[in-house]
Amino acid sequence: KAVVSTQSTGECMIGDESFWQCSYNEYEENCSHNEDVFITCSDGQTEELDFYLLGENGEEVMEATEEGLLMFNNGTVCDDDFNVYAANLICRQMGYDSSSRWRSGSFYSFQNDLDTTLDDVNCDQSATQIEECYYNTNSENCDHSEDVFLTCSYDDTEVGDAFYMLDQDG
């Protein structure tokens, strides 16, 4: 929830429109300059989160039920904190209905040539857009054995490795 937090002396919450709405103690100072806070302001526009899947030869995966390396802004996505809710939400953001599977690993030869650009993606069941999830675009602690591979689906296609959805005609 905190946008800015300093060693228990101040906190601003999402929705605070002014520094003066934040809680802070102006009389107690026990900080050194390595605890200084730097703030980057924006025009209020949210960053566009660009997800897509790459196949084994580096081509973009477009077909439902085809597994691909999950990419975010030209880099890989790390599996730290990744969950089924994040997988479903990202598939929906890419135009599919849901995820039928996700796993992590280093399966493609070109993975080591890529940067990891998204880490710590964690969504809860109620999230309807990625901005409602926790994620980290500023730092990562991953190697490519933790890259996320995702299989997306439409409601009338494969649901998992061993299960398929059928209509009344079979």
Side-chain angles (χ1 to χ4, degrees), residues 1-7 11-16 34-155 157-161:
K1 281 185 146 179
V3 175
V4 176
S5 180
T6 63
Q7 301 284 332
E11 185 175 275
C12 294
M13 303 302 283
I14 293 173
D16 288 346
N34 67 342
E35 297 173 287
D36 289 349
V37 174
F38 294 88
I39 298 175
T40 303
C41 298
S42 73
D43 60 6
Q45 300 290 334
T46 58
E47 97 183 270
E48 185 169 331
L49 303 178
D50 185 21
F51 291 103
Y52 55 98
L53 301 173
L54 290 181
E56 188 173 5
N57 297 316
E59 76 284 359
E60 192 164 344
V61 171
M62 304 300 282
E63 298 297 319
T65 73
E66 187 177 349
E67 180 181 72
L69 173 63
L70 180 58
M71 300 292 292
F72 167 78
N73 291 347
N74 298 316
T76 63
V77 176
C78 183
D79 70 355
D80 292 352
D81 295 328
F82 199 85
N83 59 27
V84 67
Y85 304 122
N88 284 329
L89 195 117
I90 290 169
C91 283
R92 285 194 303 272
Q93 185 165 331
M94 291 189 298
Y96 300 96
D97 292 325
S98 63
S99 164
S100 58
R101 173 184 168 171
W102 76 271
R103 65 181 177 146
S104 57
S106 182
F107 305 114
Y108 297 167
S109 60
F110 63 86
Q111 281 177 253
N112 289 329
D113 297 333
L114 302 169
D115 292 327
T116 302
T117 54
L118 190 63
D119 191 10
D120 303 319
V121 181
N122 189 311
C123 301
D124 65 31
Q125 189 173 5
S126 65
T128 59
Q129 51 190 337
I130 195 71
E131 291 81 7
E132 296 171 10
C133 303
Y134 176 83
Y135 57 89
N136 186 345
T137 59
N138 296 320
S139 65
E140 53 83 18
N141 57 349
C142 303
D143 61 50
H144 289 294
S145 67
E146 298 174 88
D147 288 348
V148 172
F149 283 78
L150 188 57
T151 305
C152 297
S153 63
Y154 296 109
D155 285 340
T157 58
E158 184 178 338
V159 177
D161 284 339

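What you find for Thr116 and Cys78 is that their closest heavy atoms are CG2-CB, 3.9 Å. Closest non-hydrogen pair, Asp120 versus Asp81, comes out as OD1-OD2, 3.8 Å. Counting all heavy atoms, side chain and backbone alike, Tyr96 lies closest to Ser153 at CB-O, 3.5 Å.
For the residue pair Ser126/Asp124, the side-chain donor-acceptor check at 3.5 Å is satisfied.
Here the side chains of Val121 and Ile130 are in contact, with some heavy-atom distance below 4.5 Å. Considering only heavy atoms from C-beta on, Val148 stays 4.5 Å or farther from Ile90 through its side chain. Between Thr76 and Met71 there is a side-chain heavy-atom pair separated by less than 4.5 Å. When side chains are defined from C-beta on, Leu150 counts as touching Met94, because their heavy atoms get closer than 4.5 Å.
Applying the ring pair (Phe, Tyr, Trp, His ring centres under 6.0 Å) criterion to Tyr134, with sequence neighbours excluded, gives no partner residue.
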TODO: List the steps and the verdict of side chain to side chain contact (heavy atoms under 4.5 Å, CB included) for Leu114 and Leu69.
DONE: CA-CA 11 Å; Leu114 302 169; Leu69 173 63; 4.0 Å; yes
Open item on the list: Walk me through whether Asp115 and Thr117 qualify under side chain to side chain donor-acceptor pair (under 3.5 Å).
Closed with: CA-CA 6 Å; Asp115 292 327; Thr117 54; over 6 Å; no
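A donor-acceptor pair under 3.5 Å is absent between the side-chain atoms of Gln111 and the main chain of Ser145, judged by distance alone. Checking side-chain atoms of Asn83 against main-chain N and O of Tyr85 turns up a donor-acceptor pair under 3.5 Å. No donor-acceptor distance shorter than 3.5 angstrom exists from the side chain of Glu66 to the backbone of Met62, with no hydrogens or angles considered.
Of the inter-residue distances, the one linking Thr137 atom OG1 with Asn73 atom CG reads 8.5 Å to the nearest 0.5 angstrom. One finds the SG atom of Cys152 at 12.5 Å from the CD atom of Glu63 (value rounded to the nearest 0.5 Å). In this structure, Asp97 CG and Cys91 SG are separated by 9.5 Å, a value rounded to the nearest 0.5 Å. Rounding to the nearest 0.5 Å places SG of Cys123 at 10.0 Å from CD of Glu131. Atom SG of residue Cys142 and atom CG of residue Leu118 lie 9.5 Å apart, to the nearest 0.5 angstrom. In this structure, OG1 on Thr128 lies 8.0 Å from CZ on Arg92, to the nearest 0.5 angstrom.
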Could you pull out every donor-acceptor pair under 3.5 Å between side chains of residues 51-61 and any protein atom, sequence neighbours left out?
residue : atom : partner : partner atom : Å
Tyr52   : OH   : Asn74   : OD1          : 2.8
Glu59   : OE1  : Asn57   : N            : 3.1

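The residue from Phe149, Trp102, Phe72 that alone fulfils the ring pair (Phe, Tyr, Trp, His ring centres under 6.0 Å) condition with Phe82 is Trp102.
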